Amino acid sequence: MSTDTTQPTTGHPASPAYRGLAGVPLSLEPLNRKDFTSDQEVRWCPGCGDYAILAAFQGLMPEFGITRENTVIISGIGCSSRFPYYVDSYGMHSIHGRAPAIATGVATTRPDLGVWVVTGDGDALSIGGNHLIHAMRRNVNMTIMLFNNRIYGLTKGQYSPTSEIGKVTKSTPLGSLDQPFNPVSLALGAEASFVARTIDSDRKHLTEVMKAAANHRGTSLIEIYQNCPIFNDGAFEELKGPSAADALIPLVHGEKLVFGRDGQQCIVRGPSGSLTVAATAEVDEDQILVHDAHRADPAFAFELSRLTDSGVMHQSPIGVFRDVERPAYDDLAREQVELAQQGTDDPEDALQTLLDGKDVWVVA
Amino acid sequence: MSTDTTQPTTGHPASPAYRGLAGVPLSLEPLNRKDFTSDQEVRWCPGCGDYAILAAFQGLMPEFGITRENTVIISGIGCSSRFPYYVDSYGMHSIHGRAPAIATGVATTRPDLGVWVVTGDGDALSIGGNHLIHAMRRNVNMTIMLFNNRIYGLTKGQYSPTSEIGKVTKSTPLGSLDQPFNPVSLALGAEASFVARTIDSDRKHLTEVMKAAANHRGTSLIEIYQNCPIFNDGAFEELKGPSAADALIPLVHGEKLVFGRDGQQCIVRGPSGSLTVAATAEVDEDQILVHDAHRADPAFAFELSRLTDSGVMHQSPIGVFRDVERPAYDDLAREQVELAQQGTDDPEDALQTLLDGKDVWVVA
Amino acid sequence: MTKVQTLDRVVIRFAGDSGDGMQLTGDRFTAEAATFGNDISTLPNFPAEIRAPQGTLPGVSSFQLHFANYDIVTPGDRPDVLVAMNPAALKANIGDLAHGGLVIVDTADFTKRNLTKVGYDENPLENDSLQNYQVVTLDLTGMTIGAVEQFGLGRKDSSRAKNMFALGLLSWLYSREDGGTERFLAEKFAKKPAIRDANIAAYKAGYAFGETTEVFAHRYEVSPATMPPGRYRQISGNAATAYGLITGAQKAGLKLFLGTYPITPASDVLHELSKRKNFGVYTFQAEDEIAAVGAALGASFAGALGVTSTSGPGMALKAETIGLALMTELPLVVVDVQRAGPSTGMPTKTEQADLLQVIHGRNGESPVPVVAAASPADCFDTAVEAVRIAVKYRTPVIMLSDGYLGNGAEPWRIPTIASIPPIDPGFATGTNAVDGSGKQVFQPYKRDPETLARPWAVPGTVGLEHRIGGIEKAVDTGNVSYDPANHELMVRTRQAKVDGIVRDIPDLVVDDPSGEAKVLVVGWGSTYGPITAAARRVRATDRRIAQIHLRHLNPMPANLGDILKRYDTVIVPEMNLGQLTMLLRAKFLVDAQCFSRVRGLPISPSELAGELTEAIDGLATEK
Amino acid sequence: MTKVQTLDRVVIRFAGDSGDGMQLTGDRFTAEAATFGNDISTLPNFPAEIRAPQGTLPGVSSFQLHFANYDIVTPGDRPDVLVAMNPAALKANIGDLAHGGLVIVDTADFTKRNLTKVGYDENPLENDSLQNYQVVTLDLTGMTIGAVEQFGLGRKDSSRAKNMFALGLLSWLYSREDGGTERFLAEKFAKKPAIRDANIAAYKAGYAFGETTEVFAHRYEVSPATMPPGRYRQISGNAATAYGLITGAQKAGLKLFLGTYPITPASDVLHELSKRKNFGVYTFQAEDEIAAVGAALGASFAGALGVTSTSGPGMALKAETIGLALMTELPLVVVDVQRAGPSTGMPTKTEQADLLQVIHGRNGESPVPVVAAASPADCFDTAVEAVRIAVKYRTPVIMLSDGYLGNGAEPWRIPTIASIPPIDPGFATGTNAVDGSGKQVFQPYKRDPETLARPWAVPGTVGLEHRIGGIEKAVDTGNVSYDPANHELMVRTRQAKVDGIVRDIPDLVVDDPSGEAKVLVVGWGSTYGPITAAARRVRATDRRIAQIHLRHLNPMPANLGDILKRYDTVIVPEMNLGQLTMLLRAKFLVDAQCFSRVRGLPISPSELAGELTEAIDGLATEK
Ligand SMILES: Cc1ncc(C[n+]2csc(CCOP(=O)(O)OP(=O)(O)O)c2C)c(N)n1
Ligand SMILES: Cc1ncc(C[n+]2csc(CCOP(=O)(O)OP(=O)(O)O)c2C)c(N)n1
Ligand code: SF4
Ligand code: SF4
Ligand SMILES: [Mg+2]
Ligand SMILES: [Mg+2]
């Protein structure tokens with residue numbers, strides 16, 4: 001008797017090119033974005049940033065090559081969490097905040113599934129904060145896409161844990177009081193092995209970051225700046241359009257941390273030892289720091305994460321902050337089970353032996 | 001009619017010397033440690049590190065000068081969480097993981113109370129992780145003492161979120177798989193304004209750190225390494241006794257990061273930009289970093305936090321990692337209420353006006 | 001799809017600038033209603049001029065539609081719903097709207113200039129002038145432009161599709177099929193494919209918007225009534241709850257601390273209270289429902305009135321902490337604005353299926369008083385009652401409301417603050433016992449002999465220092481105790497304390513005009529309206545029916561058992577599968593039967609009246 | 001303080017090296033028991049030599065005590081409890097211990113050398129050789145040294161107080177007063193204050209240790225019985241539960257995924273399962289109970305058997321996610337090892353007061369099957385049954401155990417694996433419907449007409465891609481639906497599915513040897529033992545009593561109503577305030593009365609027998 005419910009993967013090409021998806025069967029025929037489009041009408045507000053993210057995801061999926069049926073998307077509750085309905089794969093629109101926990105069960109029992117979590121800033125960081133940080137420290141193999149619109153969309157516009165201090169919302173008519181989380185800093189403090197940030201308005205960057213996440217084995221967290229035109233319009237305005245080049249600090253592994261339309265700005269280590277933005281023209285070239293996403297020590301990535309404003313947004317690094325190798329929880333868990341199962345002959349006999357124990361007596 | 005339940009503070013000296021306790025009435029007569037000892041027999045196992053922490057706390061309280069009746073201790077569930085029973089103040093031994101949330105309600109409504117939270121590594125970081133990080137980002141005025149014995153004591157020895165990878169416990173007979181949290185890193189990632197670490201075996205250091213925490217307005221997190229002789233004996237052995245000087249890196253604001261019995265080791269910024277331990281004799285004196293707990297940017301404190309081993313403990317900084325000014329949530333919340341109340345004449349009239357609203361019609 | 005079952009009639013008026021296509025919109029909606037099988041009656045209203053200046057009062061065009069599930073003869077006197085596409089349309093029509101009516105406003109044109117043009121000094125959407133209505137403000141124009149972007153129309157043409165966005169929204173609100181309108185548009189604009197697609201897209205976007213954003217509860221209803229003399233205003237259930245909590249706290253001289261987490265349909269309690277800090281109200285939007293109730297309990301420990309508000313799923317999460325509240329015997333008010341479950345269910349739909357959850361949904365023997373509001377205005381009295389019980393008995397109290405009550409509004413006879421009795425927090429101020437050695441001591445679990453309430457000794461009170469918690473407490477001293485006899489005594493004492501609240505609950509008075517009814521209808525919560533309407537209908541046919549309605553679900557009024565036993569048939573209409581019914585059967589061994597409807601909608605009075613009639617006639621035949 | 005109410009008798013043996021003070025310990029414990037009013041009988045057993053070599057078998061000294069709440073005439077044949085201070089003491093005495101007995105071992109002397117000295121090849125504490133006992137290993141010596149450090153004794157003198165540590169621990173275990181022993185020690189060592197203080201401190205430390213660490217459930221009981229033929233072993237309830245879950249999973253060909261969070265008294269289910277990875281068992285210690293059940297549900301979605309285990313407070317936290325499980329209609333087994341509540345309550349004490357919580361404690365109409373185990377060994381069958389229902393009906397199933405069952409042990413007739421019927425997961429493999437356009441499609445909510453179960457289509461199955469969630473689902477398609485009629489249908493269908501499980505539940509067979517009883521006693525869960533014992537006693541007095549015991553609490557067996565109505569009096573003994581009683585009354589309108597004891601202890605058979613006797617005699621008199 002087999003205790004493995006995995007579908008046969010025979011006939012599929014060996015394994016996807018992306019390390020996070022290793023073990024997931026590949027589709028025999030090439031798929032296209034339509035294959036990842038379900039029959040459900042997309043129901044976000046006009047202009048919602050969620051559309052662009054969905055489109056990028058659907059556009060990218062065929063490239064991974066994995067089958068639709070081995071693709072699983074788990075979401076929580078929120079506007080963003082309607083995402084699974086629109087992708088023609090297996091999916092669960094679960095309950096508020098719990099998607100990473102649910103995905104942990106999926107990922108641990110099934111190495112042959114590609115697992116994505118879709119969540120919002122309230123879902124992931126308010127009610128679900130604990131599951132998020134624990135998933136990251138465990139490094140369960142999944143990609144978490146955190147749609148950060150810095151507001152509660154679905155419940156009509158209360159402030160969220162990423163809203164800037166002083167935000168006036170339905171629940172904070174006199175302005176909010178709490179310091180927001182910086183999701184990247186939080187993730188790095190929680191031992192995350194892969195942390196990235198991208199933005200709804202840049203399809204190419206979105207796609208690149210999603211690919212990098214899929215290529216990472218373990219938990220990948222992608223914070224996605226997402227505009228909510230209804231309840232928090234323009235939250236990322238300064239990071240978009242013509243001003244984007246001066247506001248976004250692209251993080252590219254192995255490349256100098258230079259940004260601005262003409263590369264006129266750069267990141268250096270200031271006299272206090274802290275990272276600061278400097279004018280490229282005014283510093284020695286070798287002072288300009290080179291991005292290194294693979295450092296074992298998360299401190300450098302953390303320093304970079306602090307370059308993001310916590311109030312109104314004027315500046316923010318995007319790209320992969322950190323991407324390091326660390327065994328994935330689910331790989332290890334399966335290894336333990338497989339090791340334990342080695343040499344087990346007939347499972348039914350083994351079970352009988354277990355039930356019998358060591359000290360049996362007989363009543364005649 | 002008054003909506004203030006605060007007891008009159010008349011006759012009390014103005015305010016305590018410690019900023020976190022500003023507004024808490026001082027005792028007219030000097031108190032001593034016995035005053036902070038309840039009539040309940042202390043019921044930890046022989047040799048438990050909790051005893052020393054309790055003793056340090058009780059020894060220190062009189063120095064703060066605040067009245068016993070304005071002292072409130074809220075704990076969760078765990079061995080450590082029995083703490084409130086032993087201190088003759090107001091206290092609540094609540095439920096697992098929720099103490100920071102409960103304390104938030106206490107602190108917000110009562111500026112005249114000194115609020116302490118006592119919690120364990122399971123209580124604070126496993127089930128209570130979300131409340132902990134949210135309390136810290138909000139900066140609610142309270143001191144959280146996290147007794148970290150890297151094990152679940154009360155439930156008889158399962159591994160905890162701070163246990164080292166590979167730990168064999170009742171629930172992980174083949175060894176644990178999850179990367180532990182570094183509580184200091186986690187706190188820094190969660191925007192904490194005060195984060196410190198100390199150890200049960202060093203009464204003087206314990207006391208100093210508790211004082212520093214009380215002097216900080218907002219949430220102060222103190223991680224306390226605490227030995228559990230029954231289920232995790234010796235977890236901090238290398239940080240104690242004769243080897244302590246070589247293993248503990250004392251953090252003192254404004255002082256050089258030098259440690260070891262003869263100051264033979266020090267912290268410098270290595271060529272990669274990361275902090276590293278170096279031999280004092282082998283580096284230039286001005287390369288040795290000076291501790292700065294007051295930097296606005298938490299990155300330096302974060303870098304220091306990474307000097308702690310995450311497996312078996314051989315090295316760890318102790319002292320105050322970070323101590324910066326940031327408005328406390330509860331101070332701001334009270335300010336909003338007080339401002340809103342200004343100019344309110346008779347509250348009953350005001351209420352009637354509210355009920356009436358703007359558009360009343362009369363049925364005769 | 002959806003039938004509008006619980007509404008007997010609705011009057012909608014679409015109003016906008018002449019160029020806004022209001023007539024088309026009205027026509028289409030009428031067509032949808034007609035197709036749907038409603039009886040209809042309409043009243044189009046054009047500006048006198050062919051093309052009045054844009055944005056002015058004379059330029060307003062409107063279309064009124066009355067549709068109903070019975071014969072109607074007029075287009076309705078006062079609209080229940082007003083869709084206003086600009087300031088002029090609002091100004092011109094708002095006066096006709098019934099109190100509590102729904103106003104949907106397109107905010108796009110609410111600029112200073114346009115406001116001035118029609119004589120508004122202030123933006124009416126930003127002051128309290130629309131307080132007596134349910135106002136939904138939306139950037140219809142902006143959203144429409146967003147929705148049709150892809151069709152490459154100019155801004156002006158794009159924005160013209162906003163009437164279809166509005167229609168889509170209304171169609172969703174009244175659960176209409178959209179096929180007809182789509183076909184209509186396809187035909188009408190067959191030659192202008194971009195315009196056609198834009199209109200269809202706008203229509204669909206409006207529909208989708210309604211569905212996605214939880215902006216609306218479902219429907220509303222204006223119940224006409226003959227009213228006792230007094231001063232009245234319009235009030236929604238969630239506002240009434242907030243006001244009741246403020247009033248209760250003030251009457252007790254306590255700060256009010258709301259710890260909560262947003263959730264439909266309870267969020268408005270937070271929104272309302274967060275505007276009322278001038279009453280010493282603290283509102284704390286916590287990280288989740290567990291933290292919310294935890295912080296509220298902390299506030300109660302500190303001597304404030306701790307309150308938490310939520311809906312079903314959040315209620316489930318709070319269970320453990322409510323257990324701690326009942327073990328620590330601290331006042332706490334928990335407001336559950338119920339919605340359709342289970343799980344996420346249908347967040348914007350109403351239901352009353354949390355009754356057994358709030359009564360039984362905690363580990364161990366954990367009795368908690370439960371009160372339920374019967375109507376939007378009744379939320380006020382129920383909230384005050386919840387505060388009174390919580391403070392007097394030192395106990396968590398659960399107040400049940402539901403989506404229908406919370407979002408619904410009705411005229412409210414405004415009470416005089418002075419007429420509401422004060423609530424005595426009775427804080428402990430000194431020792432209350434003598435120990436073995438003759439020393440005066442404070443015992444935190446020494447109870448008031450009558451109420452069985454324990455003393456509420458607030459931090460800051462000298463000499464009363466004590467520790468409480470969730471582990472079983474020794475009688476009187478409150479020390480940790482694992483003693484079996486003590487546990488048994490404490491379990492029974494906590495039960496007796498809650499049971500004893502019955503002393504404060506007035507006996508039920510049966511509404512049985514004839515005094516000879518054989519059938520009793522028993523209700524609780526928001527079924528009050530439908531049950532009352534159904535009873536009236538039944539009585540109008542010269543049949544006899546008795547009615548009682550429970551505010552107190554735990555404990556129940558003392559004379560309830562006697563009343564139940566007096567009737568041949570007991571019918572309990574509930575928007576669940578029979579939750580009160582089961583409690584009544586268990587407690588009184590009466591063969592109560594549930595009239596159960598679980599549709600996310602209020603019970604239909606006519607359906608219920610039919611059922612009651614059958615029951616009455618059935619009994620008559622039997623004899 | 002505590003009386004040992006539920007134990008009729010206990011036999012304890014203290015064993016150690018001659019120098020370990022076992023006789024003193026035994027004497028003192030005897031004195032405590034005598035003072036307490038127990039009947040006692042003792043058997044001291046000294047080594048033949050005056051001073052046998054330390055750590056050898058001949059050096060072992062022991063003291064056996066039998067104490068009971070009725071007349072006893074022997075010191076007992078087999079001890080129920082063995083306290084072994086070193087390897088020799090263990091080796092010399094373990095053979096006498098009753099199956100399932102408790103062994104408390106001081107580990108300090110279990111060195112390789114000492115083990116070899118007495119002929120142990122392996123450390124018996126580290127292999128499975130003590131599997132048939134409840135073994136508690138403690139560093140008594142180390143803890144004693146720690147506790148007496150302050151008195152400045154040498155290591156040797158310090159460690160000699162370990163017998164008092166052990167005595168303190170046992171005194172706590174049997175809830176004895178410590179005053180007497182303290183006085184005794186004070187007197188005995190009056191002239192050696194350091195020794196006196198050390199002994200008293202050690203005694204107190206042992207007592208405090210017991211109380212603090214939750215090392216022990218409360219008491220245990222060895223129930224003698226005449227047994228049917230078969231192969232037997234000793235098993236505890238929590239182990240039996242774990243084995244049942246493994247067996248169920250294997251019978252269904254599923255991986256078993258346990259998502260859990262430690263909590264007394266359920267943690268041993270985790271501990272046991274985490275040792276059994278060789279059966280394809282995954283154990284996940286989550287960050288909290290919510291994550292635990294969430295991960296389990298995720299595993300079920302992925303095609304494994306998701307299981308979660310907890311106790312009362314954790315159960316409260318899982319409610320929302322169980323709601324999601326029932327909405328998504330996925331198999332899930334939830335084990336609740338109940339403890340005394342409410343809130344934290346008394347974690348190490350037993351109770352059965354979570355019944356109404358598990359039946360009603362979720363938002364909305366959320367029916368979930370509930371099964372309960374009657375004895376430690378019965379946990380096995382009950383767990384298999386829970387798996388069977390969960391898999392067959394695609395539903396969360398709650399299995400109730402309690403602290404008494406979980407930690408208690410009893411002889412178990414070992415089943416043959418082959419005799420246990422297989423469980424068919426019946427995974428969906430292909431499309432199951434045809435859509436409007438004639439296309440073959442998969443409908444995730446199209447139900448099996450008989451069981452009403454929906455298909456379980458596991459990710460990885462080509463062509464069956466679908467989305468599920470907590471929002472109300474449309475019939476068949478499973479799409480999101482807010483349609484009122486659909487909601488009503490789905491609510492009733494989910495209820496009907498659970499109700500329909502009754503078809504699989506065997507009719508109850510009444511145990512009524514005479515066939516003429518007028519009084520029926522109805523039980524569920526761990527009251528089975530006490531009720532059976534009480535019924536035997538009643539019958540032994542020539543009275544008639546009928547007994548039934550429920551494994552299935554929701555739904556209940558089909559013939560239950562008929563049975564209840566056949567008796568004049570129905571008595572329901574429960575360790576709560578009447579939770580099953582209330583369900584029976586509501587469902588069957590039968591005047592069932594609860595024999596309620598809420599003391600954190602099993603019901604006393606003698607007390608219950610008294611009550612039953614009175615009920616029987618009362619009926620007789622009436623007539
Ligand atoms: C237990 C529970 N609490 C509260 C809610 C209500 N709720 C649904 S989504 C949400 C927050 C949504 O914000 P976010 O996660 O940022 O998602 P967005 O809508 O912005 O995409 C809340 C509070 C719920 N569904 N369940
Ligand atoms: C809701 C809930 N889940 C689980 C438990 C069981 N429990 C009590 S304390 C504890 C962990 C204790 O570990 P820690 O916080 O590290 O404290 P320590 O005992 O080590 O001081 C657990 C799992 C509980 N009481 N309540
Ligand atoms: S409310 Fe905001 S986040 Fe939600 S769908 Fe609309 S635009 Fe998007
Ligand atoms: S189990 Fe460990 S942490 Fe708990 S009281 Fe004992 S020594 Fe201390
Ligand atoms: Mg959001
Ligand atoms: Mg711990």
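A quick note: this is a predicted structure, and the numbers were derived from the prediction, not measured. FYI, side chains are in, hydrogens and waters are out, and symmetry mates aren't considered; it's all heavy atoms of this structure. Proteins get letters first, then strands, A, B, ... in listed order; numbering begins at 1 in each.
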If you round to the nearest 0.5 Å, how far is [atom2] of [Y] from [atom1] of [X]?
X        : Y        : atom1 : atom2 : result
B:Glu338 : C:Asn278 : CD    : CG    : 13.5 Å
B:Asp349 : C:Ile417 : CG    : CD1   : 9.5 Å
B:Ile102 : C:Leu297 : CD1   : CG    : 5.5 Å

Backbone N or O of [Y] within a donor-acceptor pair of the [X] side chain at under 3.5 Å?
X        : Y        : value
B:Tyr85  : C:Val480 : no
B:Glu69  : C:Glu465 : no
C:Lys255 : B:Thr109 : yes
C:Arg467 : B:His93  : no
B:Arg110 : C:Pro459 : yes

Identify which part of [X] has an atom lying under 4.5 Å from any heavy atom of chain B, answering side chain, backbone, both or neither.
X        : result
C:Ala292 : neither
C:Phe284 : both
C:Asp288 : side chain

Only pairs of heavy atoms separated by less than 4.5 Å count here; which of [options] has the most with chain C?
options                               : answer
B:Pro84, B:Gly105, B:Ala350           : B:Gly105
B:Ser75, B:Ser89, B:Ser38             : B:Ser89
B:Val106, B:Val337, B:Ile77, B:Leu339 : B:Val337

Next item on the list: Apply side-chain contact (heavy atoms from CB on, under 4.5 Å) to the pair C:Thr461 and B:Tyr90, showing each step before the final yes or no.
Entry: CA-CA 9 Å; C:Thr461 317; B:Tyr90 284 88; 3.4 Å; yes

Check: Which heavy-atom pair separates C:Trp412 from B:Leu355 by the least distance, and what is that distance?
Finding: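 Heavy atoms only, the tightest pair is CZ3-O, 3.9 Å.
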
Next item on the list: Write down the atom of B:Ala101, the atom of C:Ala291, and the distance for their closest heavy-atom approach.
Entry: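 Answer, listing the atom of B:Ala101 first, then C:Ala291: CB-CA, 3.7 Å.
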
Need one label for [X]: side chain, backbone, both or neither, based on atoms under 4.5 Å from any heavy atom in chain C.
X        : value
B:Ala103 : neither
B:Ile74  : side chain
B:Leu113 : side chain

Item checked: Side chains of C:Glu320 and B:Arg98 in contact at under 4.5 Å (non-hydrogen atoms) ->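 Counting from C-beta outward, C:Glu320 and B:Arg98 do come under 4.5 Å.
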
Item checked: Residue pair B:Leu351 / C:Tyr243, side-chain heavy-atom distance below 4.5 Å ->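 Answer no - side chains too far apart.
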
Notebook entry, point to check: Is the closest basic N to carboxylate O distance between C:Glu287 and B:Arg138 below 4.0 Å?
Noted result: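 So C:Glu287 pairs with B:Arg138 through a salt bridge.
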
Next item on the list: Flag the pair C:Arg231 and B:Asp356 as a salt bridge only when some basic side-chain nitrogen lies within less than 4.0 angstrom of an acidic carboxylate oxygen.
Entry: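 Yes.
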
Next item on the list: Look at C:Pro444, C:Pro415, C:Gly323 and state which one has the largest set of heavy-atom pairs under 4.5 Å with chain B.
Entry: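 The candidate making the most pairs under 4.5 Å is C:Pro415.
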
Next item on the list: With a 4.5 Å cut-off on heavy-atom pairs, point out which of C:Gly306, C:Gly294, C:Pro425, C:Gly469 contacts chain B the most.
Entry: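 Top count of heavy-atom pairs under 4.5 Å with chain B: C:Gly294.
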
Next item on the list: Give the C-alpha distance, both sets of side-chain angles, the deciding distance and a yes or no for side-chain contact (heavy atoms from CB on, under 4.5 Å) between C:Ile414 and B:Val360.
Entry: CA-CA 9 Å; C:Ile414 304 161; B:Val360 173; 3.9 Å; yes

Next item on the list: Evaluate the side-chain contact (heavy atoms from CB on, under 4.5 Å) criterion for residues C:Lys277 and B:Gln341: first the C-alpha distance (whole Å), next the side-chain angles of each, then the deciding distance (0.1 Å), finally the verdict.
Entry: CA-CA 7 Å; C:Lys277 296 201 168 31; B:Gln341 284 182 311; over 6 Å; no

Check: Can you check side-chain contact (heavy atoms from CB on, under 4.5 Å) on C:Thr247 and B:Leu354, steps first, answer last?
Finding: CA-CA 10 Å; C:Thr247 304; B:Leu354 173 68; over 6 Å; no

Check: What residues of residues 326-336 of chain B sit under 4.5 Å from chain C when you count only heavy atoms?
Finding: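 Answer by number: B:Tyr329, B:Ala333, B:Arg334, B:Gln336.
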
